[in-house]
Amino acid sequence: MTKSISRTIGRLVLGAFLVFAGLSHLFWARETFAAQVPEWVPLSTDFVVLASGVVEIVLGLALLFWTARAPLVGWVVAAFFVAVFPGNISQFVTHTDAFGLDSDTARGIRLLFQPLLIVWALWCTGAWAQWRASRQERNRRQ
């Protein structure tokens, strides 16, 4: 499989995943996602769950359909994964059960997957490759 095909499949799978996750925020898993909102967030927990769900849907649709700006979308999706990481940390630190994560080991393993999501977003959109190419070009001109 060529890089282009594997990246496209990766982008489509990640986009579908985000749309599904966003819809679950809005409809069938609101309570579960509420368990991830840290107590220190100064907004209504329900608002955070709903807003993050809408953002996930928009980002997922952008991954699926806004291919002309895929690298930009990749950076935004990666930034989103960074932004929600404190919720995952909070779930671990407060020992909150959600998503079937009912032990510190399970919650800890989940923390390890967040960086993989960031890398996935940057890889499948070509964002990382574009950044590296621009750095190499800049170095050649110097």
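Residues take their numbers from the sequence shown, with the count starting at 1.
Across all non-hydrogen atoms, the minimal contact from Leu64 to Ala16 is CD2-N, 4.0 Å. Of all the heavy atoms in Ala121 and Ala78, the pair that sits closest is CB-N, 4.1 Å. Here the shortest heavy-atom pairing between Gly22 and Glu56 reads N-OE1, 3.2 Å. Residue Gln130 comes nearest to Pro71 through the heavy atom pair OE1-CB, 3.1 Å, listed as atom of the first residue, atom of the second, then distance. A pairwise comparison of heavy atoms in Ser24 and Ala21 identifies OG-O, 2.6 Å as the closest pair. Considering all non-hydrogen atoms of both residues, Gly10 and Trp123 come closest at CA-CZ3, 4.3 Å.
Distance check: Asp104 CG to Gln91 CD gives 10.5 Å after rounding to the nearest 0.5 Å. Between atom CD1 of residue Ile57 and atom CG of residue Leu23 there is a gap of 4.0 Å, rounded to the nearest 0.5 Å. In this structure, CZ in Phe80 is found 7.0 Å from CG in Leu18, a value given to the nearest 0.5 Å. Distance check: Thr94 OG1 to Ile89 CD1 gives 11.5 Å after rounding to the nearest 0.5 Å. To the nearest 0.5 Å, atoms OG1 (Thr96) and CD (Gln36) are separated by 9.0 Å. Rounded to the nearest 0.5 Å, atoms CD1 (Ile9) and CG (Leu14) are 13.5 Å apart.
Looking only at distances, a side-chain donor or acceptor of Gln114 sits under 3.5 Å from a matching main-chain atom of Phe81. With hydrogens and angles disregarded, no donor-acceptor distance shorter than 3.5 Å links the side chain of Ser90 to the backbone of Pro86. With hydrogens and angles disregarded, no donor-acceptor distance shorter than 3.5 Å links the side chain of Arg11 to the backbone of Thr125.
One hydrophobic cluster, built from ILVMFWY side chains closer than 4.5 Å, cannot hold both Ile118 and Leu116; they sit in different ones. Put simply, Leu72 and Trp120 are part of the same group of oily side chains (I, L, V, M, F, W, Y) that touch within less than 4.5 Å, one to the next. Hydrophobic clustering of Ile, Leu, Val, Met, Phe, Trp and Tyr side chains at less than 4.5 Å, counting indirect connections, keeps Val119 apart from Leu12. Hydrophobic clustering of Ile, Leu, Val, Met, Phe, Trp and Tyr side chains at less than 4.5 Å, counting indirect connections, unites Leu63 with Trp128. A continuous path of Ile, Leu, Val, Met, Phe, Trp and Tyr side chains, each step under 4.5 Å between heavy atoms, connects Val19 with Leu50, placing both in one hydrophobic cluster.
Atom CZ of Phe85 sits in a crowded spot, with more than 12 heavy atoms from other residues, nucleotides or ligands closer than 6.0 Å.
In this structure, His25 and Phe33 have parallel ring planes: the angle between them is below the 30° cut-off, well short of the 60° mark.
In summary, the side chains of Thr105 and Ser103 do not present any donor paired with an acceptor at a separation below 3.5 Å, with no hydrogens or angles considered.
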